[in-house]
Amino acid sequence: MPDAPVIHSADPSSFPHSVLAERHPALIRKVRDAFPYGPEQHRALDALLKSAVDGAIEPLDGDAWWEAWGVEEYVGRSWFEVPFLWSESYFYRRLLHAVGYFGPGPWQGVDPFRPFKLAELDTPQAAEEIAALDRLDGLPVEEQLQALLHGSLWGNRADLGFRIQAGDEKSATPELVADDSESLWPLLTGGTLVVVADNAGRELIPDLLLADRLLRHDRIERAVLHLKPYPYYVSDATTADLVDAVRHLVAAEAPVGRSLWSALGDGRLTLRAHPFSCGPLPYADMPDDLRAEFAAADLTIMKGDLNYRRLVGDRLWPPTTPFATPTAYFPGPVAALRTLKSDVIAGLDARTEPALVAAEGQGWRTSGAHALIQVRP
């Protein structure tokens, strides 16, 4: 792997600092108000709020994965002093600990973000997206797939964690800063597609629609959907969220709902929930079993901003660094579908970044108004 500076959050003027100092406290308050938690959970959430802003990183007892991911190295240090990807990920693990998600106790297994995810399914926008499927059926197959690819890409604008800080969705005109979609379709010739999912709700449904059409038109034989093993980054999709989405489609009497239900039942659509999916490390450090699964796929699609950060490394790459450079380690063909909500970027041509900076300063990196489709065959 080539080198570039790892992103930290110590600079008060930086985007990562605002996430730790503003978004995380706002999320703690939002979660606290969303459930009738008892005094024990309230005390733990209040302690996390104080720790996240003014305190130091504390250990977790008995979590072997986090021990392997370096928690002992960072215990006692400020959240703002350690790599941003690590501190942000650990915050969510501490939040689940605070509300008793891992138990034992009455709150064991209760997703603290579930109300926010379910609300995303019950919106006029979600209903409109399902209704649009009827219009899609009248298009040629290639146009259907292209439309669904872009639906999957821009569905990430519904990211709940982003909206907690940013408020309403941005009105800026969406723009692709890189588009390698012509290189993506030749990789889908009847084999296995792996999709590493990002958000639940309004984003997960377009992902499912794309997988269903690829299966239906024999562009793939099998789809493997990687979900989170437990709630993560507010809106990241778990198996429970997948079931909610499919049930929502069935209840809406959309034929794709029954089609997906059938695909899950006969194994054409299978689910994975690897612990590393909730890890604080880049995919360059993935365990061997996960590496083998990606190696066996005809194509792996990484969805969303967090997966992009983990794919290329949460580093300040020169924007013109070829996408193939930080992804050279990946064991098979890989594509990224991502709306831009963090500082990380690679694979831009020499003209794109100066034009974006001239129009928007550095805000183009984090506004969510731009997106990319990048492919490394």
message: Quick one, L264 with V246, criterion side-chain contact (heavy atoms from CB on, under 4.5 Å). Give me CA distance, side-chain angles, the key distance, then yes/no.
response: CA-CA 10 Å; L264 286 161; V246 174; 4.3 Å; yes
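- For D266, the CG atom sits in a packed shell: over 12 heavy atoms of surrounding residues, nucleotides or ligands are nearer than 6.0 Å.
- The aromatic rings of Y92 and Y233 sit parallel to each other, their planes meeting at less than 30°, with 60° as the upper class boundary.
- Closest of all the heavy-atom pairs between F116 and V234 is CD1-CG1, 4.3 Å.
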- prompt: Is there a side-chain contact (heavy atoms from CB on, under 4.5 Å) between R93 and W69 once you walk through the steps?
  reply: CA-CA 12 Å; R93 179 60 181 83; W69 293 334; over 6 Å; no
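- Rounded to the nearest 0.5 angstrom, L340 CG and Y308 OH are separated by 7.5 Å.
- Residues A223 and L215 come closest through the heavy atom pair N-CD2, 4.3 Å.
- With sequence neighbours excluded, the residues that form a salt bridge (Lys or Arg N to Asp or Glu O under 4.0 Å) with R77 are E81.
- Residues L316 and V344 share a single hydrophobic cluster, defined by chaining ILVMFWY side chains whose heavy atoms lie under 4.5 Å apart.
- The CG atom of L184 lies 11.0 Å from the CD atom of E182; values are rounded to the nearest 0.5 Å.
- Taking the side chain as every heavy atom from C-beta outward, D207 and L337 never approach each other to under 4.5 Å.
- Of all the heavy atoms in H248 and I205, the pair that sits closest is CD2-CD1, 4.0 Å.
- With sequence neighbours excluded, the residues satisfying side-chain contact (heavy atoms from CB on, under 4.5 Å) with D349 are R351, T352.
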message: Let's go through R32 and D46 carefully: what are the C-alpha distance in whole Å and the side-chain angles of both, what is the deciding distance for side-chain contact (heavy atoms from CB on, under 4.5 Å) to 0.1 Å, and is it a yes or a no?
response: CA-CA 9 Å; R32 198 181 194 277; D46 291 343; 3.2 Å; yes
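- Minimum interatomic distance between L214 and W185 (heavy atoms only, all atoms of both residues): CD2-CZ3, 4.2 Å.
- When the side chains of ILVMFWY residues are joined at heavy-atom separations under 4.5 Å, either directly or via intervening members, V82 and V6 end up in two distinct hydrophobic clusters.
- Checked by atom type and distance alone, the side chain of Y232 never pairs as donor or acceptor with a backbone atom of S89 at under 3.5 Å.
- No donor-acceptor distance shorter than 3.5 angstrom exists from the side chain of E88 to the backbone of L85, with no hydrogens or angles considered.
- The ring of H17 has its center closer than 6.0 angstrom to the ring center of F80.
- The aromatic ring centres of Y74 and Y90 sit 6.0 Å or more apart.
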Taking only distance into account, with no hydrogens and no angle test, what donor-acceptor pairs under 3.5 Å do side-chain atoms of residues 281-290 form with protein atoms, sequence neighbours excluded?
from : atom 1 : to   : atom 2 : distance (Å)
D289 : OD1    : H274 : NE2    : 3.2
D289 : OD2    : H274 : NE2    : 3.0

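- Between V99 and L45 there is a side-chain heavy-atom pair separated by less than 4.5 Å.
- The 12-atom threshold is exceeded at CD of Q108, counting heavy atoms of other residues, nucleotides or ligands nearer than 6.0 Å.
- Taking NE2 of H24 as the reference point, atom OG of S18 lies at 9.5 Å (rounded to 0.5 Å).
- Among pairs with a residue in residues 234-249, those fulfilling salt bridge (charged side-chain N to carboxylate O under 4.0 Å, His left out) read R114-D244, K117-D241, K228-D236, at least two apart in sequence or across chains.
- Between P377 and V375, the shortest heavy-atom distance links the atoms CD-O, 3.7 Å.
- Screening residues 206-229 for ring pair (Phe, Tyr, Trp, His ring centres under 6.0 Å), with sequence neighbours left out, gives H226-F294.
- Under the 3.5 Å distance criterion, with hydrogens and angles disregarded, no donor-acceptor pair is assigned to the side chains of T192 and D298.
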Derivation and outcome, side-chain contact (heavy atoms from CB on, under 4.5 Å), residues E120 and E203: CA-CA 9 Å; E120 281 294 313; E203 182 186 357; over 6 Å; no
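- Between D180 and R376, none of the side-chain N atoms (NZ, or NE/NH1/NH2) sits under 4.0 Å from a carboxylate O, so this pair counts as no salt bridge.
- Side-chain contact check for R365 versus E353: some heavy-atom pair is nearer than 4.5 Å.
- H150 pairs by the side-chain contact (heavy atoms from CB on, under 4.5 Å) definition with Q146, L153, W154, L176, I373, not counting sequence neighbours.
- For Q144 (side chain) and L139 (main-chain N/O), a donor-acceptor pair under 3.5 Å exists by modelled atom type.
- Listed for the H42 side chain is a donor-acceptor partner under 3.5 Å among the backbone atoms of Y37.
- Note that R310 lies in the cation-pi zone of F276, set by a 6.0 Å cut-off to the ring centre and a 45° limit from the axis.
- In this structure, CG on L209 lies 10.0 Å from OG on S259, to the nearest 0.5 angstrom.
- Looking only at side-chain heavy atoms (C-beta outward), R338 and N307 stay at 4.5 Å or farther from each other.
- Within the 4.5 Å cutoff, the side chain of F113 has heavy atoms near those of the V31 side chain.
- Residue T339 comes nearest to G368 through the heavy atom pair CB-O, 4.5 Å, listed as atom of the first residue, atom of the second, then distance.
- Counting only distance, with no hydrogens or angles, the side chain of T327 and the backbone of F323 share a donor-acceptor pair below 3.5 Å.
- Grouping the Ile, Leu, Val, Met, Phe, Trp and Tyr side chains by contacts below 4.5 angstrom, directly or via other members, places V53 apart from F84.
- Taking 4.5 Å as the limit, every side-chain heavy atom of L20 sits out of range of all side-chain heavy atoms of F91.
- Once rounded to the nearest 0.5 Å, the distance linking CD of E253 with CG of L249 reads 12.0 Å.
- With W317 as the fixed residue, the side chain to side chain contact (heavy atoms under 4.5 Å, CB included) test singles out one of L348, D343, I345, V312: V312.
- Side-chain contact between F15 and Q362 is absent, with no heavy-atom pair separated by less than 4.5 Å.
- A 4.5 Å side-chain heavy-atom check between P59 and W66 finds every atom pair outside the cut-off.
- A donor-acceptor pair under 3.5 Å is absent between the side-chain atoms of S152 and the main chain of L149, judged by distance alone.
- For the atom pair CG of L27 and CG of L49, the computed distance is 10.5 Å after rounding to the nearest 0.5 Å.
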